[in-house]
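Structure record follows, encoded as structure tokens.
Per chain, numbering begins at 1; letters A, B, ... match sequence-line order.
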Amino acid sequence: MKYWLMKTEPGTYSIEDLAKEKRKTTCWEGVRNYQARNMMRDDFKKGDRVLFYHSGGKDPAVVGTAKIAKGAYPDHFAWDSGSKYYDPKSSPENPRWFMVDVQLDKAFEQPVTLSQMRNEPQLEQMELLRKGSRLSVQPVTESEFEVVLKMAEAAKNKA
DNA sequence: GCCAACGTTGGC
DNA sequence: GCCAACGTTGGC
């Protein structure tokens with residue numbers, strides 16, 4: 001099993017939106033970066049665990065966990081000229097972009113903020129904290145995943 | 001709103 | 001293949 005972090009702007013799609021979905025599952029369309037695509041297409045497997053991250057806003061944070069409910073398949077939004085993710089270079093015969101299905105696992109009672117993570121020595125190597133790290137989908141180590149869970153737990157008990 | 005850090009595009 | 005121009009992401 002692998003571990004990932006997936007970013008979303010809560011104004012566009014939040015963890016609350018995910019919680020409202022049927023079976024708390026949604027397809028993760030719209031990734032239009034080759035590095036991210038390659039990771040999703042080649043490495044994302046059903047059952048992988050995900051840190052669900054809210055970017056932008058005044059307190060960017062990991063707000064919960066999810067899992068991969070379905071491995072990569074073509075992102076058909078790329079074929080829809082009415083979609084904001086439309087890409088004329090992609091076609092059903094030769095799909096350029098891929099997506100996965102994501103299912104909510106647990107929304108944290110207390111988010112683990114970016115600044116808290118920056119202050120955690122055990123997360124020093126985390127991709128998210130690297131300068132210029134912009135990938136919307138990125139790998140996380142198992143220990144980083146566990147540390148974030150513990151931080152969420154600690155924040156909850158403190159609150 | 002600013003801007004650093006990328007990524008992409010397209011002329012040459 | 002180089003690189004300038006432009007676009008995007010996302011923290012601050």
Under 3.5 Å, is there a donor-acceptor pair linking the side chains of A:Trp79 and A:Ser90? yes

Establish, from distance only, whether the side-chain atoms of A:Asp80 and A:Tyr85 form a donor-acceptor pair under 3.5 Å. no

Could you give the [atom1]-to-[atom2] distance, from [X] to [N], as a whole number of Å?
X        : N      : atom1 : atom2 : answer
A:Arg130 : C:dG10 : CZ    : P     : 16 Å
A:Leu135 : C:dG11 : CG    : C1'   : 16 Å
A:Met117 : C:dC12 : CE    : C1'   : 16 Å
A:Asn33  : B:dA5  : CG    : P     : 18 Å
A:Glu9   : C:dT9  : CD    : P     : 8 Å
A:Arg134 : C:dC12 : CZ    : C1'   : 16 Å
A:Met6   : C:dG10 : CE    : P     : 13 Å
A:Leu128 : C:dG11 : CG    : P     : 7 Å

Does A:Tyr53 have a side-chain nitrogen or oxygen under 4.0 Å from the phosphate oxygens OP1 or OP2 of C:dG11? yes

So [X], base contact, sugar-phosphate only, or nothing? Heavy-atom distance under 4.0 Å.
X        : result
A:Arg118 : sugar-phosphate
A:Lys7   : sugar-phosphate
A:Lys89  : sugar-phosphate

Any carboxylate oxygen within less than 4.0 angstrom of a Lys/Arg side-chain nitrogen, looking at A:Glu153 and A:Lys156? yes

Heavy atoms from C-beta onward define the side chain here; which of [options] lies closest to that of [X]?
X        : options               : answer
A:Leu114 : C:dT8, C:dC12, C:dG10 : C:dC12
A:Lys131 : C:dG10, B:dA4, C:dG11 : B:dA4
A:Gln35  : B:dG7, C:dG11, B:dT8  : B:dG7
A:Tyr34  : B:dT8, C:dG10, B:dC6  : B:dT8

Under 6.0 Å between ring centres, would you say that holds for A:Phe52 and A:Trp4? no

Please report the closest heavy-atom contact between A:Leu18 and A:Tyr13, naming both atoms and the distance. CA-OH, 3.3 Å

